[in-house]
Engineer: 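Sharing a structure below in structure tokens format, with a few things to ask.
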Amino acid sequence: MSEERVSLNFLEHIIEEDLEKGYQKAQLRFRFPPEPNGYLHIGHASSICLNFGLGLKYGAPVNLRFDDTNPAKEEQEFVDAIKRDVEWLGYQWDTERYASDYFDQLYDWAVLLIEQGKAYIDSQSSEDMAKQKGTPTEAGSESPFRNRSVEENLALFEGMKAGKFEEGTHVLRAKIDMASSNMLMRDPIMYRILHKAHHRTNTDWCIYPMYDWTHGESDYIEQVSHSFCTLEFAMHRELYNWFLDQVYEEGNMRPKQREFARRNLSHTVVSKRKLLQLVEGNVVSSWDDPRMPTISGLRRRGYTPESIRNFADTIGIAKRENLIDVSLLEFHVRDHLNKVAPRVMGVLNPLKIVLTNYPEEQEEWLDAENNPGDEAAGFRKVPFSRELYIEKEDFKEEANRKFFRLKLGGEVRLKNGYIIKAESCTKDTNGNIIEVQCTYDPKSKSGSGSEESLRKVKGTLHWVSIKHALEAEIRLYDRLFTDESPDTHKDKDFMEFVNPDSLEVITGYLEPSLKNARIEDRVQFQRIGYFCVDPDTTSEKIVFNKTVGLRDTWAKITQSS
RNA sequence: UCAUCCGUUGUGUAAUGGGAGCACACAAGACUUUGAUUCUUGUCGUAUAGGUUCGAAUCCUAUCGGAUGAACCA
């Protein structure tokens with residue numbers, strides 16, 4: 001037995017230390033707290049995998065909590081989409097919670113703070129308050145309303161709740177320290193007036209708690225042990241703890257906020273505003289366009305939940321700045337699809353070949369293996385006939401020895417079929433090759449066991465029988481941005497880096513077995529890449545999205561020479 | 001130029017005072033009815049300068065570099 005070296009990320013170290021210090025394993029509880037104001041993206045996926053992954057690892061419950069404190073931005077539609085995406089990723093939350101579940105408790109606690117002289121109503125404009133806030137290097141100044149009496153504060157707060165005031169006229173502020181080096185501690189706003197209907201509480205409330213006042217207290221109410229968020233909230237920790245101090249009672253779990261670095265993916269943007277710009281500017285068709293980094297986009301692109309979880313696992317979690325190459329994500333989807341995707345044949349760029357010694361009316365149904373890595377996947381039949389399509393790039397009149405494909409006078413194996421030899425070709429008036437005449441070796445049939453079938457020829461091509469071919473719309477995707485970090489340039493707008501060729505739509509010719517493919521089915525077009533059936537598919541027209549290409553060392557060779 | 005955080009191969013991450021490891025990428029080779037997959041091997045790293053210590057990626061100091069911080073957003 002060799003000792004296994006366990007490697008933990010820094011958050012797991014924190015949990016392990018807490019466990020050693022006396023936390024009970026049964027007290028561990030985590031949460032994933034999205035705001036329902038948009039669609040989840042690959043960055044959220046990392047956070048989901050982190051929190052739910054820890055839940056699985058420690059056998060701890062994980063709550064799905066919607067941080068719904070701003071009715072101006074939040075909608076039920078997003079709640080539903082988020083739940084779907086988390087489930088699709090393969091995780092189960094313990095309970096579904098909403099910050100809005102705690103509005104009553106939050107209000108009561110706020111009243112308590114007012115009574116203790118730790119919060120006050122400020123009746124200035126936001127501009128005046130901003131002026132008094134100071135700068136990171138200069139202390140702020142106190143509001144003229146800072147020392148209102150408890151009674152007056154209570155009355156005003158009640159009035160705010162009762163809807164007696166216009167938006168912007170009053171706010172509730174925590175009375176902390178206008179000179180703190182942490183700007184967030186300079187009397188942060190706890191409540192603002194918003195005469196807006198909330199997607200869950202409707203018009204019950206017209207004052208809504210701010211993030212800082214809500215988040216830690218929600219963690220506390222749910223008795224979350226570890227509250228993990230991204231680095232931009234590091235400054236908020238001091239406030240998080242201050243608010244917690246006001247309500248914490250001995251004997252309860254005291255939630256601990258810790259921060260990790262957001263994972264950045266190359267060649268993409270992830271901010272809601274920018275994603276919206278792509279949708280509204282018709283750069284992409286929708287939020288679930290297969291080029292979008294949203295979870296719904298990745299799903300439509302053909303990514304599997306496993307591949308995304310494996311990706312999140314490999315990139316790990318830390319506190320340093322990072323830019324993860326999108327090719328790592330592509331590696332993981334290839335890696336998973338290689339194991340599970342059935343192999344099929346499809347020609348995307350057809351060139352007609354005619355087997356001159358194959359009888360005109362003859363057709364054969366050949367055995368084809370569904371997945372060479374998985375015996376249980378079995379076999380299917382593919383039709384073979386005299387006239388076939390192969391890829392244009394698989395034929396050259398003349399080529400050197402490194403070209404393992406079809407050339408005049410050369411032989412090649414047709415996958416699952418026969419060995420053929422190119423004899424001649426015909427061209428149109430522009431000199432384009434439009435047809436290749438070949439002969440086939442009738443004894444070389446794949447799997448027949450004959451001496452001829454065992455012959456080694458260097459190249460193997462995929463193909464499709466023209467008269468049996470299924471026409472399909474094929475959408476070929478490329479990266480949406482040409483720059484690896486499009487939104488980090490100070491002097492350039494990210495839209496300048498949009499790749500104009502990120503989508504190419506062509507007609508492909510597929511083996512007829514694909515007629516029964518269903519939406520979201522994923523297959524490998526042999527020698528090309530992984531594809532999945534798009535929801536735009538109808539009974540008349542099947543649409544495939546290219547998920548990712550196969551690794552292509554031949555492309556590298558041709559490029560470098 | 002105030003506060004907080006962070007600097008480990010090309011990228012991401014591990015090593016918590018004692019082996020700089022893993023994955024991807026890259027390179028070479030083997031196998032192959034997918035130029036795929038698989039397998040083998042290889043190249044490359046602790047920001048800099050001091051200090052503490054028998055011993056430092058790890059602790060201390062300074063320097064350099066980066067990120068974050070002034071929304072009635074989350």
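Here is how names work: the chains are called A, B, and so on, in the same order as the sequence lines, proteins then strands, and each is numbered from 1.
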Engineer: Measure from the side-chain N and O atoms of A:R173 to the backbone N and O of A:P188, and report whether any donor-acceptor pair falls under 3.5 Å.
Structural biologist: no

Engineer: Would you measure the distance from the P atom in B:G18 across to the matching atom in B:A70 and give it in whole Å?
Structural biologist: 40 Å

Engineer: Using the aromatic ring of A:Y211 (for Trp, its six-membered ring), decide whether it stacks on the base of B:A74 within the limits of 5.5 Å and 30°.
Structural biologist: no

Engineer: Using whole Å, report how far CZ of A:F395 lies from P of B:G35.
Structural biologist: 18 Å

Engineer: Do you know which of A:Y240, A:Y191, A:F233 makes ring pair (Phe, Tyr, Trp, His ring centres under 6.0 Å) with A:Y211?
Structural biologist: A:F233

Engineer: With a cut-off of under 6.0 Å to the ring centre and 45° to the axis, is A:K161 in cation-pi contact with A:W205?
Structural biologist: yes

Engineer: Which is true for A:P33 with a 4.0 Å heavy-atom rule: it touches a base, it touches only sugar-phosphate, or it touches nothing?
Structural biologist: nothing

Engineer: Take atom P in B:C64 and the same atom in B:G17, then report the distance between them in whole Å.
Structural biologist: 29 Å

Engineer: When we call it a touch if two heavy atoms are under 4.0 Å apart, what does A:G529 touch: a base, just sugar-phosphate, or nothing?
Structural biologist: nothing

Engineer: Counting side-chain heavy atoms from CB outward, which of B:C6, B:C24, B:U34 is closest to A:L550?
Structural biologist: B:U34

Engineer: Go through the N and O atoms of the side chain of A:R551 and the base of B:G35, and report whether any donor-acceptor pair is under 3.5 Å.
Structural biologist: no

Engineer: Which is more 5' along RNA chain B, the nucleotide nearest A:F10 or the one nearest A:I189? Just name the residue.
Structural biologist: A:F10

Engineer: Using the side-chain heavy atoms of A:I324, tell me which of these nucleotides is nearest: B:G12, B:U4, B:A14.
Structural biologist: B:G12

Engineer: Quick one: A:M345 CE to B:U33 C1', roughly how many Å, whole number?
Structural biologist: 11 Å

Engineer: Under 4.0 Å between any heavy atoms, over every strand shown, what does A:G134 touch: base, sugar-phosphate, or nothing? Just pick one.
Structural biologist: base

Engineer: Is any NZ, NE, NH1 or NH2 atom of the basic residue among A:E369 and A:R343 found under 4.0 Å from an Asp or Glu carboxylate oxygen of the other?
Structural biologist: no

Engineer: When all nucleic acid strands are considered with a 4.0 Å heavy-atom cut-off, which category describes A:I317: base, sugar-phosphate, or nothing?
Structural biologist: sugar-phosphate

Engineer: Where the side chain of A:E35 is defined as all heavy atoms beyond and including C-beta, which of B:C73, B:A36, B:U34 is the nearest nucleotide?
Structural biologist: B:C73

Engineer: Would A:K381 and A:D367 count as a salt bridge (charged side-chain N to carboxylate O under 4.0 Å, His left out) here? Give the steps.
Structural biologist: CA-CA 5 Å; A:K381 297 280 189 185; A:D367 289 313; 2.9 Å; yes

Engineer: For A:E321 and B:U13, give me the distance from atom CD to atom C1', rounded to whole Å.
Structural biologist: 15 Å

Engineer: Looking at A:S453, I'd like to know whether one of its side-chain N or O atoms comes within less than 4.0 Å of OP1 or OP2 on B:U33.
Structural biologist: no

Engineer: Using a heavy-atom distance cut-off of less than 4.0 Å, which residues of residues 12-20 of chain A contact RNA chain B?
Structural biologist: A:H13

Engineer: In terms of side-chain heavy atoms of A:K73, which of B:G69, B:A74, B:C73 is nearest?
Structural biologist: B:C73

Engineer: For A:R263, report the nucleic acid contact type (base, sugar-phosphate, nothing); a contact means any heavy atom under 4.0 Å.
Structural biologist: sugar-phosphate

Engineer: Under 4.0 Å between any heavy atoms, over every strand shown, what does A:I419 touch: base, sugar-phosphate, or nothing? Just pick one.
Structural biologist: nothing

Engineer: Can you tell me, in whole Å, how much space there is between the C1' of B:U11 and that of B:C60?
Structural biologist: 32 Å

Engineer: Determine the Euclidean distance between corresponding C1' atoms of B:G45 and B:G21; express it in Å to zero decimal places.
Structural biologist: 12 Å

Engineer: Could you check whether A:K57 pairs with A:E12 (Lys NZ or Arg NE/NH1/NH2 to Asp/Glu carboxylate O, under 4.0 Å)?
Structural biologist: yes

Engineer: How far, in whole Å, is B:U53 from B:A28 if one measures between their C1' atoms?
Structural biologist: 44 Å

Engineer: Between B:U32, B:G7, B:U34, which one does the side chain of A:R320 approach most closely?
Structural biologist: B:G7

Engineer: How far does the C1' atom of B:C72 sit from the matching atom of B:U61, given to the nearest Å?
Structural biologist: 45 Å

Engineer: Mark yes or no for whether A:N322, through its side chain, and A:R320, through its backbone, hold a donor-acceptor pair below 3.5 Å.
Structural biologist: yes

Engineer: So A:F525, base contact, sugar-phosphate only, or nothing? Heavy-atom distance under 4.0 Å.
Structural biologist: nothing

Engineer: Taking A:A99's backbone N and O only, do any of them form a donor-acceptor pair with A:D68's side chain (distance below 3.5 Å, no angle check)?
Structural biologist: yes

Engineer: Examine the base of B:U33 for any acceptor or donor lying under 3.5 Å from a partner atom in the side chain of A:R413, and report the outcome as yes or no.
Structural biologist: yes

Engineer: Between B:U34, B:C24, B:U13, spot the one nearest the side chain of A:N322, thanks.
Structural biologist: B:U13

Engineer: Distance check, C1' atoms only: B:U1 and B:U9, in whole angstrom units.
Structural biologist: 34 Å

Engineer: Look at A:T314 and B:C22 and indicate whether a side-chain polar atom (N or O) is within less than 4.0 Å of OP1 or OP2.
Structural biologist: no

Engineer: Are a donor atom and an acceptor atom from the side chains of A:H336 and A:N310 found within less than 3.5 Å of each other?
Structural biologist: no

Engineer: Under 4.0 Å: is that the gap between some side-chain N or O of A:K556 and OP1 or OP2 of B:C26?
Structural biologist: yes

Engineer: Can you classify the ring geometry of A:H44 versus A:F32 as parallel (below 30°), tilted (30 to 60°) or perpendicular (above 60°)?
Structural biologist: perpendicular

Engineer: Indicate, with a heavy-atom threshold strictly under 4.0 Å, whether A:N182 touches base, sugar-phosphate, or nothing.
Structural biologist: nothing

Engineer: Please determine, for the side chain of A:M235, which listed nucleotide (B:G69, B:A74, B:G35) has the closest atom?
Structural biologist: B:G69

Engineer: Give a yes or no on whether the backbone of A:Y98 and the side-chain of A:D101 come within a donor-acceptor separation of less than 3.5 Å.
Structural biologist: yes

Engineer: Taking only the P atom of each, what is the distance from B:A14 to B:U8 in whole angstrom?
Structural biologist: 11 Å

Engineer: Looking at every strand, decide which applies to A:N37 at a 4.0 Å heavy-atom threshold: base, sugar-phosphate, or nothing.
Structural biologist: nothing

Engineer: With a non-hydrogen cut-off below 4.0 angstrom, is A:T553 in contact with a base, only sugar-phosphate, or nothing?
Structural biologist: sugar-phosphate

Engineer: How would you label the contact of A:E369 with the nucleic acid (heavy atoms, under 4.0 Å): base, sugar-phosphate, or nothing?
Structural biologist: nothing

Engineer: Hey, is the side chain of A:K456 poking within less than 4.0 Å of OP1 or OP2 on B:U33, counting only N and O atoms?
Structural biologist: yes

Engineer: Can you identify which nucleotide, out of B:A74, B:A70, B:G12, has its nearest atom closest to the A:I315 side chain?
Structural biologist: B:G12

Engineer: Base, sugar-phosphate or nothing for A:R405? Non-hydrogen atoms, less than 4.0 Å.
Structural biologist: base

Engineer: When you measure from the centre of the six-membered ring of A:Y440, is the NZ or CZ of A:K421 closer than 6.0 Å and no more than 45° off the axis?
Structural biologist: no

Engineer: Nearest to the side chain of A:D335 - B:U38, B:A67, B:C73?
Structural biologist: B:U38

Engineer: Indicate whether the side chain of A:N63 and that of A:E222 have a donor and an acceptor atom separated by less than 3.5 Å.
Structural biologist: yes

Engineer: From B:C72, B:C73, B:U34, pick the nucleotide closest to the side chain of A:T460?
Structural biologist: B:U34

Engineer: Expressed as a whole number of angstroms, how long is the span from A:K21:NZ to B:U16:P?
Structural biologist: 18 Å

Engineer: Base, sugar-phosphate, or nothing for A:S180, non-hydrogen atoms under 4.0 angstrom?
Structural biologist: nothing

Engineer: According to a strict under-4.0 Å criterion, is A:R186 in side-chain N/O contact with OP1 or OP2 of B:C2?
Structural biologist: no

Engineer: Donor-acceptor pair, A:N51 side chain versus A:S47 backbone, under 3.5 Å?
Structural biologist: yes

Engineer: Base, sugar-phosphate, or nothing for A:A318, non-hydrogen atoms under 4.0 angstrom?
Structural biologist: sugar-phosphate

Engineer: Think A:R173 has a side-chain N or O under 4.0 angstrom from the OP1 or OP2 of B:C72?
Structural biologist: no

Engineer: Note every stem involving RNA chain B: at least three consecutive Watson-Crick or G-U wobble pairs, i with j then i+1 with j-1, with both distances under 3.5 Å.
Structural biologist: B:2-7 with B:64-69, B:10-13 with B:21-24, B:26-30 with B:38-42, B:47-51 with B:59-63

